[in-house]
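Down below is the structure, laid out as structure tokens.
Remember, predicted model here, so these are calculated numbers, not experimental data. Both backbone and side-chain heavy atoms feed into the values below; hydrogens, waters and symmetry mates do not. Reminder, nothing fancy here: chain letters follow the sequence lines and each chain counts from 1.
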There are 2 protein chains.
Amino acid sequence: MSTSALPYRPHNHDACVAQALADARAICQQRNARLTPTRERVLELIWQSHKPLGAYDVLAVLTEDGHNAAPPTVYRALDFLQQHGLVHRIASLNAFVGCTHAGKHHNGMFLICRSCSNVLELTAPKVAQAVSDAASAEAFQPEDVMIEVAGLCPACRMDAPHD
Amino acid sequence: MSTSALPYRPHNHDACVAQALADARAICQQRNARLTPTRERVLELIWQSHKPLGAYDVLAVLTEDGHNAAPPTVYRALDFLQQHGLVHRIASLNAFVGCTHAGKHHNGMFLICRSCSNVLELTAPKVAQAVSDAASAEAFQPEDVMIEVAGLCPACRMDAPHD
DNA sequence: GAGAATTTGCAACATTATAACATTTGCAAA
DNA sequence: TTTGCAAATGTTATAATGTTGCAAATTCTC
Ligand SMILES: [Zn+2]
Ligand SMILES: [Zn+2]
Ligand SMILES: [Zn+2]
Ligand SMILES: [Zn+2]
């Protein structure tokens, strides 16, 4: 019943990136946050695909750019982008992916394909509710919810043996 | 309506550890897996508390023990213990915690207190179902589900300001 | 323009995890 | 009981990821 979401659906990814960057500019302006050239470039790199990118991968590209970058350059940019909800860190991969719900308050749920590495971010209200209920039952006060699901995406399921 | 689970409830933790070790021996015997002295010692160390322990923390204790240990010693033992469902890795902390549901097939959900570091592992069928449904809606085939909730445990909520 | 605050450059360092290869140990068949 | 294999461990080195601290530069505010 549901249309398959990006990145599983073929899409114009250049437009995808352009939109993400435009949204980011709007969000930062609204918040008086400075989307400096380095930060914007890092965001753009993270958005190069729907596959998570490691901090040192970002660093390598910045270096190719001619940018005189060191690890803190990248981590600081990533911190900024995370704080403003523009990228997410995927803890199980030590890598970063662009947020597809930027601007809205949310705790994403990530479907991570172990074969092609694409990541789909969902907002699943029922999951969020169930997690919240389970925490409440233990009198636990949740602040940050991380849900990462590894498996096979639709495309890779078909290629895989034994269905 | 639910009784608060370990580790939030005061309990005889020595018995807690003893039980975990006994279970581990039984599980390994049943599987013809060898719970060697190093592996058992690492499991015991992980169980020293309900707080996650880093691999290098384990290593330090092994070294104190007089054991001539290097990082691979610890990581190999931890791999073994994970494969047999005796410990879990908490990705958001790069640390390991004893499994409180050893032997049963399960994907735990972890409530991690940011104040006291205690971790409570739950099996939340409703959460599991909701995650599974959300994945199915995207034709995604889940293999490994990681749910880590950071926040405040009951005890630390009371100490904290602003409730 | 002067002063304060934010951002960046830079060097060193800390932490977490793995690769590669030699050695030993446990176990079983000959 | 020897012999031979597979699993487990020891050992060294290195890779990958992330942080600290301080100085210089930039931007913002007045
Ligand atoms: Zn998001
Ligand atoms: Zn895939
Ligand atoms: Zn206990
Ligand atoms: Zn606590």
Rounded to whole Å, please give me the gap between CD in A:Q83 and P in C:dT6. 12 Å

Within this structure, what is the CG-to-P distance between A:L78 and D:dT19, rounded to whole angstrom? 11 Å

If you assign each of B:D57 and B:R34 to its closest nucleotide in DNA chain C, which residue comes earlier from the 5' end? B:D57

Round to a whole Å and report the spacing from CZ of B:R89 to C1' of C:dT18. 13 Å

State whether the distance check finds a donor on one side and an acceptor on the other, under 3.5 Å, for side chain B:Y56 versus base C:dA14. no

Would you say B:Q83 and B:D79 are linked by a side-chain donor-acceptor pair, where the criterion is simply a distance under 3.5 Å? no

Using Watson-Crick or G-U wobble geometry with both distances under 3.5 Å, which nucleotide pairs with D:dT14? C:dA17

A:E121-A:H88 side chain donor-acceptor pair, cut-off 3.5 Å: yes

I want to confirm an ordering. Mapping B:L93 and A:N68 to their closest nucleotides on DNA chain C, which one lands closer to the 5' end? A:N68

Considering residues, nucleotides and ligands other than B:Q29, do more than 12 of their heavy atoms fall under 6.0 Å from its CD? no

B:Y75 OH to D:dT14 P, straight-line distance once rounded to whole Å: 19 Å

What's the closest nucleotide to the A:A55 side chain, out of D:dT9, C:dA19, D:dG18? D:dG18

To the nearest angstrom, the CZ-P distance between A:R41 and C:dT8 comes to 15 Å

So, is A:R39 near the phosphate of C:dT8, with a side-chain N or O under 4.0 Å from OP1 or OP2? yes

Please compare B:A70 and B:P37 by the position of their nearest nucleotide in DNA chain D and report the one closer to 5'. B:P37

N/O (side chain, B:N94) to phosphate O (OP1/OP2, C:dA17) under 4.0 Å: yes

What is the distance, to the nearest angstrom, from the CZ atom on B:R76 to the C1' atom on D:dT11? 9 Å

Is the phosphate of C:dC10, meaning OP1 or OP2, less than 4.0 Å from a side-chain N or O of A:T73? no

Protein-nucleotide distance (A:L59, atom CG; C:dT8, atom C1'), rounded to Å: 14 Å

How many Å lie between CD on B:Q82 and P on C:dT16, as a whole number? 15 Å

For D:dT9, take OP1 and OP2 only and decide whether either is under 4.0 Å from a side-chain N or O of B:T36. yes

Are the charged groups of A:D133 and B:K126 less than 4.0 angstrom apart, N to O? no

In the hydrophobic clustering that connects Ile, Leu, Val, Met, Phe, Trp and Tyr at side-chain heavy-atom distances below 4.5 Å, which members other than B:M146 occupy its cluster, ordered by chain and number? A:M146

